[in-house]
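These values consider heavy atoms only, across backbone and side chains, with no hydrogens, waters or symmetry-generated copies. Remember, it's 1-based here, ligands and their atoms both numbered in the order they're listed. Just so you know, residue 1 is the first one in the sequence shown, and it goes up from there.
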Amino acid sequence: MTRGVAQKVLEAHLVSGTLRAGEEIAITIDQTLTQDATGTMACLQFEALELPTVQTKRSVSYVDHNTLQTGFESADDHMFLQTVAAKYGIYFSRPGNGICHQIHLERFGVPGQTLLGSDSHTPTGGGLGMIAIGSGGLDVAVAMGGGPFWLTMPKILYVNLTGRLRPWVSAKDIILELLRRLSVKGGVGRILEYGGPGVKYLSVPERSTIANMGAELGATTSIFPSDERTRAFLKAQRRAKDWRELKPDNGAQYDEEMEISLRELEPLIACPHSPDNVRKVTEVEGTKVQQVCVGSCTNSSFMDLMVVAQSLKGRHIHPGLSMVLTPGSKQVLQMISENGALTDLIAAGVRVLESACGPCIGMGQAPPSGAVSVRTFNRNFIGRSGTMDAQVYLSSPETAVACALAGEITDPRTLGPYQRYALPKRFSVDDTMIITPAPAEEAKKVRVVRGPNIAPLPISNPLPDEIKAEVLLKLGDNITTDHILPAGAKVLPLRSNIPKISEFVFSGVDPSFCERAKAAGAGVVVGGENYGHGSSREHAALAPMYLGIKAVLAKSFARIHYANLINFGILPLTFADPADYEKIEQGDTLEMTNLLKTLREEEPLTVENITKEVTIPLTCDLTPRQKEILIMGGLLNFTKSGHHEKVGSG
Ligand code: MIC
Ligand code: SF4
């Protein structure tokens with residue numbers, strides 16, 4: 001049997017099922033990653049499992065999202081995370097050390113291993129040849145406890161890269177081209193495996209930019225082979241011993257294939273308000289720009305920042321705009337400081353912030369009203385920047401710096417000669433901002449510090465046999481988890497406090513939602529296609545659960561959110577006929593009876609619209625394991641009951 005890279009890594013980790021697209025499989029997890037905005041919940045959940053220590057090869061807890069510390073909340077969360085890490089054998093990356101995905105590449109990722117992270121951009125690790133998957137925090141907590149990760153085996157889409165990029169065209173343009181072709185739904189149920197003659201021209205950070213934004217395609221993950229370029233990267237990080245080769249068999253077979261000719265690509269840009277609204281930069285040239293942001297886990301590597309610094313050297317940003325920079329990690333910041341590039345950036349008028357997510361998650365630097373902001377980030381959902389009517393564009397660092405100099409959207413090819421920055425022979429390695437777990441004896445003595453912002457985990461109840469509830473909200477297609485539960489400087493510090501954060505559920509869509517849900521006591525939400533795409537935040541399931549949401553009815557769901565709904569005992573239901581979406585209005589009362597028997601005996605699922613007097617057939621794609629989780633009221637109850645060992649070969 002001839003296998004590709006993804007199949008090889010999955011096969012080596014398979015503990016249940018067979019690698020046939022559509023089948024439920026379980027894989028062992030070598031490494032986990034959490035970040036502060038999802039990590040406090042994951043840690044509370046891990047504590048609830050009552051295990052003495054993590055069971056993975058390596059678990060790392062990062063602080064990168066909530067570093068603004070506008071009040072005591074986030075600082076308290078950091079203390080909580082640090083002490084939990086010390087107690088349970090988790091590496092702790094301190095605030096200021098940088099963005100989880102960037103650091104994980106630099107210091108921890110290992111080709112051929114599996115990584116599960118409570119952040120949707122965890123697939124960044126695919127640039128190193130890992131099967132790296134984003135999930136809700138509870139799935140990560142279970143993996144930290146040694147449990148396998150369950151997923152539906154995706155189709156494998158082979159992306160054959162041919163030729164070589166031309167000057168001023170970079171890795172970001174490759175993934176923008178994929179988004180242009182496939183859309184934000186195009187990767188759902190797929191792993192993207194990259195290969196072909198073009199791969200050897202891409203360094204690990206470039207590959208990781210592409211793998212990172214596979215999340216925007218809705219893909220389960222993306223993976224590159226591990227080759228000499230991978231070895232060079234690990235060697236430069238002084239981790240040559242972590243390298244192993246990983247390549248597809250000759251004639252490897254894939255479910256689907258496509259080709260991208262790198263030579264033919266031009267600078268691309270995603271226009272407001274979706275990462276797949278991609279145009280050629282030349283098509284939107286001349287649009288005035290008020291803000292340029294460089295950074296985020298997509299484009300904040302040393303090489304990305306060097307392209308920007310070199311282009312700005314001896315020049316100044318346009319007076320009509322503000323430019324901010326968030327380096328990906330302390331390593332990157334230190335290196336641009338050591339080689340003088342930081343001086344060039346500062347001299348050019350760039351506002352340099354700390355190494356963190358920052359403006360990418362709306363933690364500061366909200367653009368002015370109605371402003372155009374060009375960002376090297378990965379998401380431009382409406383309002384995510386902190387300004388509801390801002391027009392956010394996503395581009396490569398090359399395009400961003402061209403815009404910064406001209407004050408308007410500009411094709412970087414106008415900037416003159418281009419020097420693609422080569423991978424340094426040596427990165428500056430200094431792990432002093434990573435706290436290594438203490439020996440078990442010492443760890444036992446650690447007292448976990450819980451500030452007042454850390455509220456206890458809300459309890460989810462077993463599934464009732466009957467649900468009768470009002471449709472509290474009816475929404476359209478492509479609802480993101482940012483719609484369901486926004487982030488930003490006001491809301492993000494409340495991630496450890498479900499009662500408080502639940503007040504913001506759907507606040508950008510319908511500010512009365514929380515109050516109405518509380519008054520109703522129970523409710524249903526109706527959505528269109530690809531409901532819940534974007535961030536992995538399980539709060540987008542947990543907080544609605546807290547408000548009494550019993551079911552979400554949609555035309556289709558995004559993978560991570562679907563799993564999160566199940567994990568917190570909310571029924572994710574799909575219309576058998578998408579046209580039936582029209583048969584429900586906000587305010588209607590829906591009823592489902594005999595649920596337990598229907599689920600267990602695989603009888604046809606229907607929902608009764610009592611208001612409209614119609615019966616609506618539903619499809620049930622739930623696996624036996626997922627049904628059991630729902631019936632028990634969520635994954636925590638299920639795991640604690642020891643069920644995960646019994647149910648599920650699916
Ligand atoms: C994001 O980019 O939306 C985030 C913030 O990193 C999220 C995680 C979160 O909401 O905490 C993600 O991508 O999963
Ligand atoms: Fe942080 Fe932005 Fe990356 Fe999310 S997408 S992990 S907020 S940098």
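A distance-only check finds no donor-acceptor pair linking the side chain of Arg384 to the backbone of Ile382 [under 3.5 Å]. In this structure, Ser395 contributes its side chain and Ile269 its backbone to no donor-acceptor pair below 3.5 Å.
Around atom 2 (Fe) of ligand 2, protein N, O or S atoms at less than 2.8 Å comprise Cys360 SG.
Tyr531 has its ring centre no less than 6.0 Å from the ring centre of Tyr562. Ring centers of Phe427 and Phe233: under 6.0 Å apart, within the cut-off.
Contacts between His101 and ligand 2, counted as non-hydrogen atom pairs separated by less than 4.0 Å, involve the side chain only. If you look at Asp119 next to ligand 2, the close heavy atoms, those under 4.0 Å, all belong to the side chain.
Ion pairing of Arg379 with Glu216 is present here, as a side-chain N (NZ or NE/NH1/NH2) and a carboxylate O approach within less than 4.0 Å.
Ala26 meets the side chain to side chain contact (heavy atoms under 4.5 Å, CB included) test with Val15, Ser16, Pro148, Trp150; sequence neighbours excluded.
The side-chain hydrogen bond (donor to acceptor under 3.5 Å, both in side chains) analysis of residues 353-362, with sequence neighbours excluded, yields the pairs Thr67-Glu354.
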key: Step-by-step side chain to side chain donor-acceptor pair (under 3.5 Å) determination, Asn299 to Thr376   = CA-CA 6 Å; Asn299 278 122; Thr376 67; 4.7 Å; no
request  = Show your reasoning for whether ring-ring contact (aromatic ring centres under 6.0 Å, His included) applies to Phe302 and Tyr421.
outcome  = CA-CA 9 Å; Phe302 173 66; Tyr421 210 82; 5.6 Å; yes
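Within 4.0 Å of ligand 1, the residues that place a heavy atom are Gln35, Ala37, Thr38, His65, Asp119, Ser120, His121, Ile361, Arg379, Arg384, Arg495, Ser535, Ser536, Arg537, listed by chain and number.
With Tyr91 as the aromatic partner, Arg58 meets the cation-pi criteria of under 6.0 angstrom to the ring centre and within 45 degrees of the ring axis.
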